[in-house]
**Q** 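Structure below; questions to follow.
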Amino acid sequence: MHHKLTPATALWLTIPPLLWAGNAVMGRMVGPLVPPITLNFLRWIGALLILLPLAPGLFRSGSGLWTHWKRFSLLGLLGVGCYNALQYLALKTSSPMNVTLVAASSPVWMLGIGALFFQAQVHRRQLMGAALSLMGVAVVLSRGDIAHLLDVKFVIGDVFMLLATACWAWYSWLLSRRDEPDSIRSNWAAFLLAQVIYGLGWSGLFTAMEWGTIDANIQWGWPLAAALVFVAVGPAVVAYRFWGLGVQQAGPAVAGFFANLTPLFAAVLSTLVLGEAPHLYHAAAFALIVGGIVVSSRR
């Protein structure tokens, strides 16, 4: 498939990082109110309720929803069941800025998974851009002490976010393939709803495991309700819609570099909402990430 980055596609790929930055900040804010995996489950229940009226034909006989269960089950596992659950887990021990900066390793995962499993060609400029992004990740993981990078102790949230980013890279490459009926793929709501239906099965399983292993509880109230509305509408439905459009037009490898805008937005939102002012090592990481985007987008 021929991929091309147009101004419209660039806009589509910029909206999700802004919403995901808000998702990271919101996840940190409601952490004391709801367990992280449960938050992910409730978020996608909200998205399900939004999508159901937009894709009623998905449940008709012969739509392909059930016959292509392997495809939608895998997409649901990676994009719905795992990615945000791991991110919310990461936010229990890491700040939104650190979590989104670790996610800047996305281009490395995108290029590696694409080359290994999807026969994608890797260009030199992409490798250079990925190297700069990875350096940015190294800065934040070492908390600015590059000389002692080999001695750095990973915060468990950093590990969770690395796993989440790998899941997202695999999910994005799967989006670039058309292995489902055109009747579903041509309707964005039906395509996302099919993933959510299977993803809720995975998320429900993970939530049951969470409640079985910790002393979980939910503090219901307007703050949590408002947060659930936001994460269901913005970071879930809207962001996934635009990310899917951008991946189809620009390709997963290029899209992966746009995901690095998330820490830039997260830094601003964290400062405004949480009062978590960025440190000097965050600025260094930002510079490296932006440099990676610039280098990778050169022709």
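Values below: all heavy atoms of this structure, side chains included; hydrogens, waters and symmetry mates excluded.
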**Q** Do the side chains of F72 and I184 get nearer than 4.5 Å, heavy atoms only?
**A** yes
**Q** For the side chain of T38 and the backbone of V34, is there at least one donor-acceptor N/O pair under 3.5 Å apart?
**A** no
**Q** Does the side chain to side chain contact (heavy atoms under 4.5 Å, CB included) test come out yes or no for Q195 and L175, once each step is laid out?
**A** CA-CA 11 Å; Q195 301 171 50; L175 284 183; 4.2 Å; yes
**Q** My understanding is that only one of L75, D179, I113 makes a side chain to side chain contact (heavy atoms under 4.5 Å, CB included) with L174; could you say which?
**A** L75
**Q** Could you pull out all residues at least two apart from N217 that satisfy side-chain contact (heavy atoms from CB on, under 4.5 Å)?
**A** Q219
**Q** Are the side chains of L245 and T9 in contact, using a 4.5 Å heavy-atom criterion?
**A** no
**Q** Is the number of heavy atoms from other residues, nucleotides or ligands under 6.0 Å of F117 CZ greater than 12?
**A**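 Atom CZ in F117 is not packed in, count stays at 12 or less.
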**Q** Would you please name every residue forming a side-chain contact (heavy atoms from CB on, under 4.5 Å) with T67, sequence neighbours left out?
**A**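 Testing T67 for side-chain contact (heavy atoms from CB on, under 4.5 Å), a comparison that skips the adjacent residues, returns none.
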**Q** Are I214 and L205 connected, step by step, through hydrophobic side chains (Ile, Leu, Val, Met, Phe, Trp, Tyr) whose heavy atoms are closer than 4.5 Å?
**A** no
**Q** Considering only heavy atoms from C-beta outward, does the side chain of I218 approach that of L33 to under 4.5 Å?
**A** no
**Q** Any side-chain heavy atom of L54 within less than 4.5 Å of one from W188?
**A**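 L54 reaches W188 side chain to side chain.
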**Q** How about W170 and T165: do any of their side-chain heavy atoms sit closer than 4.5 Å?
**A** no
**Q** Answer yes or no: is there a donor N or O on one side and an acceptor on the other, between the side chain of T213 and the main chain of E210, under 3.5 Å?
**A**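 Answer holds: yes.
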**Q** Between the side chains of Y83 and N40, does any donor sit under 3.5 Å from an acceptor?
**A**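 The answer is no; no qualifying pair exists.
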**Q** Which pair of heavy atoms, one from G234 and one from L19, lies closest together, and at what distance?
**A**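 G234 and L19 have their closest heavy atoms at O-CD1, 3.5 Å.
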**Q** Check the pair R178 / E180 against side chain to side chain contact (heavy atoms under 4.5 Å, CB included), numbers first and verdict last.
**A** CA-CA 6 Å; R178 289 180 171 268; E180 62 282 318; 4.2 Å; yes
**Q** May I have the step-by-step check of side chain to side chain contact (heavy atoms under 4.5 Å, CB included) for I37 and F41, ending in yes or no?
**A** CA-CA 6 Å; I37 298 178; F41 182 59; 5.9 Å; no
**Q** Measure the shortest side-chain to side-chain distance between Y198 and W69 over non-hydrogen atoms and say whether it is less than 4.5 angstrom.
**A**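 The answer is yes, as the side chains (C-beta and beyond) meet within the 4.5 Å cut-off.
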**Q** Measure the shortest side-chain to side-chain distance between F160 and Q87 over non-hydrogen atoms and say whether it is less than 4.5 angstrom.
**A**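 A side-chain contact is absent here, since even the closest heavy-atom pair is not under 4.5 Å.
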**Q** Between W222 and L39, is there shared hydrophobic-cluster membership here, with clusters defined by ILVMFWY side-chain heavy atoms closer than 4.5 Å?
**A** no
**Q** Taking the six-membered ring for Trp, are W44 and W202 ring centroids under 6.0 Å apart?
**A** no
**Q** Where do W168 and Y240 land on the ring pair (Phe, Tyr, Trp, His ring centres under 6.0 Å) test, with the steps shown first?
**A** CA-CA 11 Å; W168 186 253; Y240 274 60; 5.3 Å; yes
**Q** Answer whether the closest heavy-atom distance between the side chains of K92 and P36 falls below 4.5 Å.
**A** yes
**Q** Without swapping roles, check the side chain of R43 against the backbone of V233 for a donor-acceptor pair under 3.5 Å.
**A**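 Not confirmed, R43 side chain does not pair with V233 backbone.
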**Q** Keeping the roles fixed (side chain from T207, backbone from S203), state whether a donor-acceptor pair exists under 3.5 Å.
**A**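 Present.
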**Q** May I have the step-by-step check of side chain to side chain contact (heavy atoms under 4.5 Å, CB included) for T14 and F258, ending in yes or no?
**A** CA-CA 7 Å; T14 301; F258 276 84; 3.9 Å; yes
**Q** List the residues meeting side-chain contact (heavy atoms from CB on, under 4.5 Å) with A8, not counting sequence neighbours, and say none if there are none.
**A**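 By the side-chain contact (heavy atoms from CB on, under 4.5 Å) rule, A8 matches T6, W12.
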